[in-house]
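Below you'll find the structure, written out as structure tokens, and then a few comments.
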Number of protein chains: 2
Amino acid sequence: MSYSTRQREAILNTLRRTDRPLTPQEIREGASRDCAGIGLATVYRALKSFMAQKDVLLVEIPGNPPCYEPADRGHHHHFVCDRCRHVFDLHGCVQDLDTLVPRDFSVQRHDITLYGVCAACGTGADG
Amino acid sequence: MSYSTRQREAILNTLRRTDRPLTPQEIREGASRDCAGIGLATVYRALKSFMAQKDVLLVEIPGNPPCYEPADRGHHHHFVCDRCRHVFDLHGCVQDLDTLVPRDFSVQRHDITLYGVCAACGTGADG
DNA sequence: AGAAATATGAGACTGGTTTCTCATTTATAA
DNA sequence: TTATAAATGAGAAACCAGTCTCATATTTCT
């Protein structure tokens, strides 16, 4: 069983109020808002337990450190801005992925990551 | 300028004769065939230099350690078998990836990784 | 062949992330 | 409210990929 604590609530709130996956460090910073002084070990422990309960998912994006997001966002993919390095959630998906593999392979899931320049960086705002 | 050495040739040969991306460790093991006692530092140094010359590409697959492959294989993606963890090169690509992002984002490249069960594992051969 | 540039192997080292330890605190159940 | 299980913070420790050092060896140029 797991107990509900101020720290764990703060961690979940941080994940939920942000629309992109966060690193443990970022989660700690966000959670400090609700729960000053929260430790990094606490963040790791809580993430581990949330993942075991399938409330949180690990998101691994090539070229970026591992990050986490709530599990209830449904199937989606990610966009990484090459300038500001921010990760954005994308909605929608593509068809025909199974046609890429030989017939005797079975495809169970997939990751798609797009890279480019986000709106803010593209307008010359800071790029 | 860079010199051609037994070690570097062994590394390139290993990358070329294997049809999937390899980790530095795997590269070292493969290169030992041609060049016994080759050091890991040598592998890293050579990879760095090959990447600078654009002869070799870094392939980062979520959930797997960084690996490398020759740069002349053209645009392709990867399949990871959840049973044997092998990485397979896939040929072909999909359309309409740009439609996933907002209009003011620009997409410059993408990674697609499929996960599932490969032919060998699926036949019950060892799965 | 001789000189200069580059590469090598071994192992120490680095930088960063994740886990562990342990004394203390907090949450839950009876 | 008491007992028990679980969680916490701080820092130490473990872990690991990748880099560096340095004495030596190899390659290339002339």
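- Mapping Met1(B) and Pro66(B) onto DNA chain D by nearest heavy atom places Pro66(B) closer to the 5' end of the strand.
- When distances run from any side-chain atom of Tyr3(A) to the nucleotides dT8(D), dA7(D), dC20(D), the shortest one goes to dA7(D).
- No donor-acceptor distance shorter than 3.5 angstrom exists from the side chain of Thr113(A) to the backbone of Ile61(A), with no hydrogens or angles considered.
- Ring-centre distance between Phe88(B) and Phe105(A): below the 6.0 Å cut-off.
- Rounded to a whole Å, the CD1 atom of Ile38(B) is 14 Å from the P atom of dT26(D).
- Residue-level contact check: Pro65(A) touches neither bases nor backbone, having no heavy atom under 4.0 Å from any strand.
- For Tyr44(B), taking side-chain heavy atoms from C-beta onward, the closest of the listed nucleotides dA10(C), dG9(D), dA17(D) is dA17(D).
- For Thr42(A), a side-chain nitrogen or oxygen approaches OP1 or OP2 of dG9(D) to under 4.0 Å.
- Crowding of Gln95(A) atom CD: a count of heavy atoms from other residues, nucleotides or ligands under 6.0 Å not exceeding 12.
- For dG9(D), one of the phosphate oxygens OP1 or OP2 lies less than 4.0 angstrom from a side-chain nitrogen or oxygen of Gln7(A).
- Rounded to whole Å, the distance from NZ on Lys48(A) to C1' on dT8(D) is 16 Å.
- Comparing dT28(D), dT8(C), dA27(C) against the side chain of Thr5(B) picks out dT8(C) as the nearest.
- The interatomic distance linking Gln25(B) (CD) with dT19(D) (P) rounds to 14 Å, in whole Å.
- Distance, Glu26(B) CD to dG18(D) P: 12 Å, rounded to whole Å.
- In this structure, Arg73(A) places its CZ atom where more than 12 heavy-atom neighbours from other residues, nucleotides or ligands lie under 6.0 Å away.
- Rounded to whole Å, the distance from CZ on Arg45(B) to P on dA7(C) is 9 Å.
- Inspection of the Arg8(A) and Ser49(A) side chains reveals an N or O donor paired with an N or O acceptor under 3.5 Å.
- With distances taken from any side-chain atom of Arg8(B) to the nucleotides dT19(D), dT18(C), dA7(C), the minimum falls on dA7(C).
- Summarising the geometry, the separation between CD on Glu9(B) and P on dT26(D) is reported as 16 Å, rounded to the nearest angstrom.
- Taking atom CD1 of Ile27(A) as the reference point, atom C1' of dT17(C) lies 14 Å away to the nearest angstrom.
- In this structure, Leu40(A) atom CG and dA10(D) atom P are separated by 11 Å, rounded to whole Å.
- Heavy-atom nearest nucleotides on DNA chain D were determined for Ala36(A) and for Tyr68(B), and the one closer to the 5' end corresponds to Ala36(A).
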